[in-house]
Each structure stands twice: as structure tokens, then as C-alpha cells.
Amino acid sequence: EVQLVESGGGLVQPGGSLTLSCAASGFTFDDYTMNWVRQAPGKGLEWVSGINWSGSRQTYEESLKGRFTISRDNAKNTLYLQMNSLKPDDTAVYYCVKELHHTGEYDYWGQGTQVTVSS
């Protein structure tokens with residue numbers, strides 16, 4: 001079965017950096033666009049970033065450009081999100097999400113990893 005397992009979350013001070021990982025299995029990883037989506041406390045889901053099958057194209061929520069970098073290592077079936085200059089508003093559960101072919105629809109989600117940005 002498809003599995004997406006996030007890791008790398010934790011507590012970080014404002015201005016700090018953190019890199020999240022998502023280990024994927026149960027499907028041909030390099031056939032699919034992957035995404036990061038987050039949910040802040042008491043808020044709805046917010047799309048963060050996406051990356052195409054090869055990693056050659058990356059997209060970001062506009063407010064996060066320049067601070068967040070999405071990447072993937074297809075040989076390791078792993079998706080990454082590098083987060084720099086973190087702000088308290090970045091506090092959220094971050095989810096790794098698989099995208100269905102050419103639809104923009106999400107078909108599988110990881111369990112999420114908590115990121116807390118606080119002094």
C-alpha cells in the first residue's frame with residue numbers, strides 16, 4: 001500500500017531553519033508530483049509547495065518563496081522541504097501529499113509532522 005511518512009519536525013526558534021523529509025513507498029515515486037500542505041492550529045489546510053516527477057519544476061505559495069525550498073531524491077524515494085527564516089506563523093502540522101496524475105487532486109497523505117516556531 002501507499003505510505004508517506006514525514007519526519008524532521010520539532011521546535012525551532014524564530015529565524016531558525018528546519019528540513020522536513022517524507023519517505024514514500026508503495027508506488028512508483030518518480031512518476032508523481034508531490035506536495036507539502038500544512039495546517040496551523042485552528043486554521044484550515046494551506047498548500048505550501050509542489051514538485052514535479054523529476055524535480056525540475058517547483059512551485060510555492062507566494063508568501064513562502066525565498067524561504068522554503070522543495071526537493072526530491074528519487075533514488076531514495078524521499079521528498080524534502082527546507083525551511084529557512086522560520087516565523088511563528090509557520091507553526092503547523094506539515095503533511096506530505098501525493099498528487100494524482102494530471103489532476104491536481106490529492107490521493108494520499110502522510111500522518112504529518114509538527115513544526116513549532118517559538119522563542
Residue pairs fulfilling side chain to side chain donor-acceptor pair (under 3.5 Å) with at least one residue in residues 22-31, sequence neighbours excluded: none

Indicate yes or no: at least one non-hydrogen side-chain atom of P14 is less than 4.5 angstrom from one of P88. yes

Between the side chain of S17 and the main-chain N/O of N84, is any donor-acceptor distance below 3.5 Å? no

Run the side chain to side chain contact (heavy atoms under 4.5 Å, CB included) test against E1 and tell me which residues pass, sequence neighbours left out. Q3

Does anything in residues 79-118 pair up under disulfide (SG to SG under 2.5 Å), and if so which pairs, sequence neighbours excluded? C22-C96

For residues 105-119, which residue pairs pass the salt bridge (Lys or Arg N to Asp or Glu O under 4.0 Å) check, not counting sequence neighbours? K98-D107

Set of residues satisfying side-chain hydrogen bond (donor to acceptor under 3.5 Å, both in side chains) with respect to T116, sequence neighbours excluded: Q114

Which residues satisfy the side-chain hydrogen bond (donor to acceptor under 3.5 Å, both in side chains) test with E46, sequence neighbours excluded? R38

May I ask you to decide if T59's main-chain N or O and S49's side chain share a donor-acceptor pair within less than 3.5 Å? yes

Give me the other members of the hydrophobic cluster that V93 sits in, counting Ile, Leu, Val, Met, Phe, Trp and Tyr linked by side-chain heavy atoms under 4.5 Å, directly or via other members. V37, L45, W47, Y95, V97, Y106, W109

A23: what forms a side chain to side chain contact (heavy atoms under 4.5 Å, CB included) with it, not counting sequence neighbours? none

Can you check side chain to side chain contact (heavy atoms under 4.5 Å, CB included) on L11 and S118, steps first, answer last? CA-CA 7 Å; L11 176 64; S118 177; 4.2 Å; yes

For V48, the other hydrophobic cluster members (4.5 Å side-chain criterion, sorted by chain and number) are V2, L4, V12, L18, L20, F27, F29, Y32, M34, W36, I51, Y60, L64, F68, I70, L79, L81, M83, L86, Y94, Y108, V115, V117

Taken in chain and number order and not counting sequence neighbours, the residues that satisfy side-chain hydrogen bond (donor to acceptor under 3.5 Å, both in side chains) with Q111 are E6

Not counting sequence neighbours, which residues clear side-chain hydrogen bond (donor to acceptor under 3.5 Å, both in side chains) with N74? List them please. R72

The criterion is side chain to side chain contact (heavy atoms under 4.5 Å, CB included); which residues satisfy it with N52, sequence neighbours excluded? T33, S54, S56, R57

